[in-house]
Amino acid sequence: MKKFPYNRSDMKPSRRDFMRLGGAGLAAMMTARYGLPPVFAQSMDAIPAELHPGSPNNPRGWTTTLPPIPEGMPVEPPVTITGSRRGPWEFAEGDDIENSNFTRLNAAVTGIHWKLAFSWTDNQEEVLQKYNLAIASGDLPDFMETVPLQIYRQLIENDLVEDITDVWDAVAHPVWLKEPWGFGDGAAWQHAEVAGRKMGLPHTEQAAQNDKLLWIRQDWLDAVGMSAPTTVDELYAVAKAFVEADLGAGPPGSTIGIAAANNLVTWFSSLDPIFGAWGVMPGFWTPDANGDLQYNSILPEVKEVLSLLRQWYAEGLFAQDFFTLRPPQTAFRQIGGNTCGITMSPAFTALFGIPDSVANDPSARWTWTDIPTGPTGIKKKAWSNPVVDSVFCFRKGFEHVDLVLKQIGWWAELLQNPENRHHGFEGVDYYWQNDDGEIDPMGANLAPGYDSNKHIWGPPGTNGSAFTDPRFGTNAIKYRREVWGNTPADQRDAIMEGFLGGDDLSVMWDDATIFAVDRWELDGIRNHFTTFPTRTMERASASLDGLEAETFINIITGQAALDDFDTYVEDWKSGGGDTITGEVNDWWHGQM
């Protein structure tokens, strides 16, 4: 399995390397170790200083290092490329999506000018409508951003998408595009690649974005005289003790042991690590002993977990209304309201939920640990696939795919190589400066790229996140700790000082993120069905999914007998599940 440049154990710079080498020496070492290509012939000296990001004129500022200009750029004469974009955006006065610091720098480096074909807000119906109108009118943009899979399927079936395989092979950057998009044995290309041909580009987010850790109130553990649980049995015992001690901030008897969302496998307050402790994951397709894909929701191990959760619910470990009133986006309120002492949620819980808890109760002390192991020693959770259910693609006949790929590689290197120090542009609207003109590290683009996403025509770009390296955020954290942390205090700029002096929750978030990403591919149960829905899925999935959700919740809450699971399995199979299984395996064996 391919690894990523900053994570190869045989190539990773050591702490001694970072301390021994300065900026130029570190860059040279990275070039040697990671196989970075030589600097191209063209020089960045041609880029006007006012277009550079960074803060070179501030007494406590920094200089951003721009990557070398790709070969053959900037193109002359310049080219104009149309594109679709997801909004909304905010710009400095006088700027817009076609004219901002980002597009001006991009034009100087590449010679590409971007023109908006159409946009939409974060609304599924609107994006479908816009793309369907473009298809019907025959007026597709040159470059199509975050194309939903159902639209992508239409484009493919009607031969409206440019095959970019050969251009990709010829010009895609080996380090900033090809290698990072090689993660997960090709998982990045599960949508963009069709019948072995690259028909688009992946939409990837951060590794382990939603991978779960076990977050727990340390002060509650101290109150009941227990340690953080390491097994499912210990988790039950601790949650039970929290409930019996009634440590929550609500009315008497309202303490919850474990926060649970009404979707059992979801992005926050999920129960997926409990299913994973039995080696299964509802909704996922995984290989069986014969090499076929099996639908996990009908496996007997799921029935065992449902029996356990049924017991936990009956004993008050979950909110009694979790199945109706606790979607993941509101389940975190149990954390902020201090009525609950445990949640199985991602690393970002340190900055989402816990800050509310501490604000409402300054004595609240949270900690995190690994997910619990099951009765046979299994420790698994839902693998957080960073590949989003959308793609970036080009209209059939578009002549400048090579230029766009070179642009993408240049921005990927600028944003994702922490050595470059891209933290945004000068000015309160471009991200690191507060209203008083002072450097504000919490507004800086240090992930890097969060705010830049809104303005770059990508990937990397789009209003949300889209990167080529799923580990970019973790690499940035490690770099700050290794390089910035070993910079003498009197030599640190304001951004370094601000982040190295982060509060406890920020440090906790960094620690949890590194841990989650380092365990990302080791502890995850992957869903191996990674293509368009089968024909029977399109027809029957809504009813089958509804049957599954209703059965599982009713069993947990005691509204249905445990043996109703067996009836569900029979109904699932006869209601189209057996046909779906055949279709899934026809695809699976055809693509192996």
Side-chain angles (χ1 to χ4, degrees), residues 210-218 220-221 224-245 247 255-284 286 296-297 299-319 322-323 326 328 331 334-335 340-347 349 366-384 512 515-516 519 522-526 552-553 555-558 562 565:
N210 293 321
D211 276 27
K212 309 308 180 301
L213 301 168
L214 195 150
W215 295 85
I216 192 165
R217 286 281 294 262
Q218 181 63 54
W220 288 16
L221 285 171
V224 297
M226 302 177 79
S227 301
T230 60
T231 68
V232 171
D233 286 344
E234 291 175 358
L235 175 63
Y236 163 76
V238 169
K240 183 73 169 174
F242 286 175
V243 170
E244 291 177 345
L247 299 172
T255 298
I256 304 301
I258 303 172
N262 56 7
N263 186 337
L264 302 179
V265 178
T266 188
W267 58 272
F268 195 88
S269 290
S270 178
L271 297 177
D272 66 83
I274 307 302
F275 288 96
W278 271 258
V280 292
M281 197 56 56
F284 283 27
T286 60
N296 279 207
S297 296
L299 299 180
E301 292 86 352
V302 169
K303 183 178 181 180
E304 293 183 45
V305 178
L306 292 176
S307 176
L308 181 72
L309 298 178
R310 179 188 180 92
Q311 174 195 342
W312 290 7
Y313 179 83
E315 295 184 22
L317 270 59
F318 305 138
F322 88 93
F323 59 95
R326 303 290 179 181
Q334 297 172 94
I335 307 305
C340 183
I342 300 171
T343 182
M344 286 172 283
S345 294
T349 303
W366 287 86
T367 189
W368 62 270
T369 187
D370 201 358
I371 57 173
T373 57
T376 62
I378 297 174
K379 179 171 65 69
K380 292 289 185 180
K381 52 190 170 183
W383 186 61
S384 191
F515 180 86
R519 304 288 303 183
L522 182 64
D523 291 343
I525 294 178
R526 285 178 55 182
F552 287 11
I553 290 296
I555 289 174
I556 292 172
T557 58
L562 180 60
F565 177 83

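Heads up: numbering here begins at 1 and tracks the sequence.
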Over all heavy atoms of both residues, which pair between [X] and [Y] is shortest? Give the atoms and the distance, please.
| X | Y | result |
| --- | --- | --- |
| I556 | F322 | CG2-CZ, 4.1 Å |
| A239 | L317 | CB-CD2, 3.8 Å |
| F552 | L306 | CD1-CD1, 3.7 Å |
| V243 | G257 | CG2-N, 3.4 Å |
| G279 | I525 | C-CD1, 3.8 Å |
| T369 | P229 | CG2-O, 4.2 Å |

Under the salt bridge (charged side-chain N to carboxylate O under 4.0 Å, His left out) definition, can you give me all pairs with a residue in residues 229-244, not counting sequence neighbours?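 For residues 229-244: K240-E315.
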Here the salt bridge (charged side-chain N to carboxylate O under 4.0 Å, His left out) pairs for residues 369-384, sequence neighbours left out, are D370-K379, K379-D523
Interatomic spacing from [atom1] in [X] to [atom2] in [Y] - rounded to 0.5 Å:
| X | Y | atom1 | atom2 | value |
| --- | --- | --- | --- | --- |
| L562 | I555 | CG | CD1 | 6.0 Å |
| W383 | T286 | CH2 | OG1 | 14.5 Å |
| I342 | W366 | CD1 | CH2 | 8.5 Å |

Does [X] have any side chain to side chain contact (heavy atoms under 4.5 Å, CB included) partners at least two apart in sequence or in another chain, and if so, which?
| X | value |
| --- | --- |
| S227 | none |
| A245 | V224, L247 |
| A259 | S269, Q334, I335, C340, T343 |
| S270 | K212, T266, D272 |

Who are the side chain to side chain donor-acceptor pair (under 3.5 Å) partners of [X], not counting sequence neighbours?
| X | answer |
| --- | --- |
| W368 | none |
| W215 | none |
| T373 | none |

Are M344 and L271 close enough, and set up right, to give a side chain to side chain contact (heavy atoms under 4.5 Å, CB included), and what steps lead you there? CA-CA 7 Å; M344 286 172 283; L271 297 177; 3.9 Å; yes
Does the side chain of I274 reach to within under 4.5 Å of the side chain of Y236, using non-hydrogen atoms?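 No. Closest side-chain heavy atoms not under 4.5 Å.
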Q.
Could you tell me if the side chain of L309 sits less than 4.5 Å from the side chain of F275, heavy atoms only?
A. yes
### Message
Going by ring-ring contact (aromatic ring centres under 6.0 Å, His included), name the residues that satisfy it together with W220, two or more places apart in sequence or in a different chain.
### Response
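Partners of W220 by the ring-ring contact (aromatic ring centres under 6.0 Å, His included) criterion, ordered by chain and then number, come out as F242.
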TODO: Would you please name every residue forming a ring-ring contact (aromatic ring centres under 6.0 Å, His included) with F284, sequence neighbours left out?
DONE: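 ring-ring contact (aromatic ring centres under 6.0 Å, His included) list for F284, sorted by chain: empty.
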Go through the steps for V302 and W278 under the test side chain to side chain contact (heavy atoms under 4.5 Å, CB included), then give the verdict. CA-CA 8 Å; V302 169; W278 271 258; over 6 Å; no
Margin query: Pair V238, L221 - check side chain to side chain contact (heavy atoms under 4.5 Å, CB included), show working.
Written below: CA-CA 8 Å; V238 169; L221 285 171; 3.7 Å; yes
Original post:
Counting distance only, does the side-chain N/O of N296 pair as donor-acceptor with the main-chain N or O of V280 below 3.5 Å?
Top reply: no
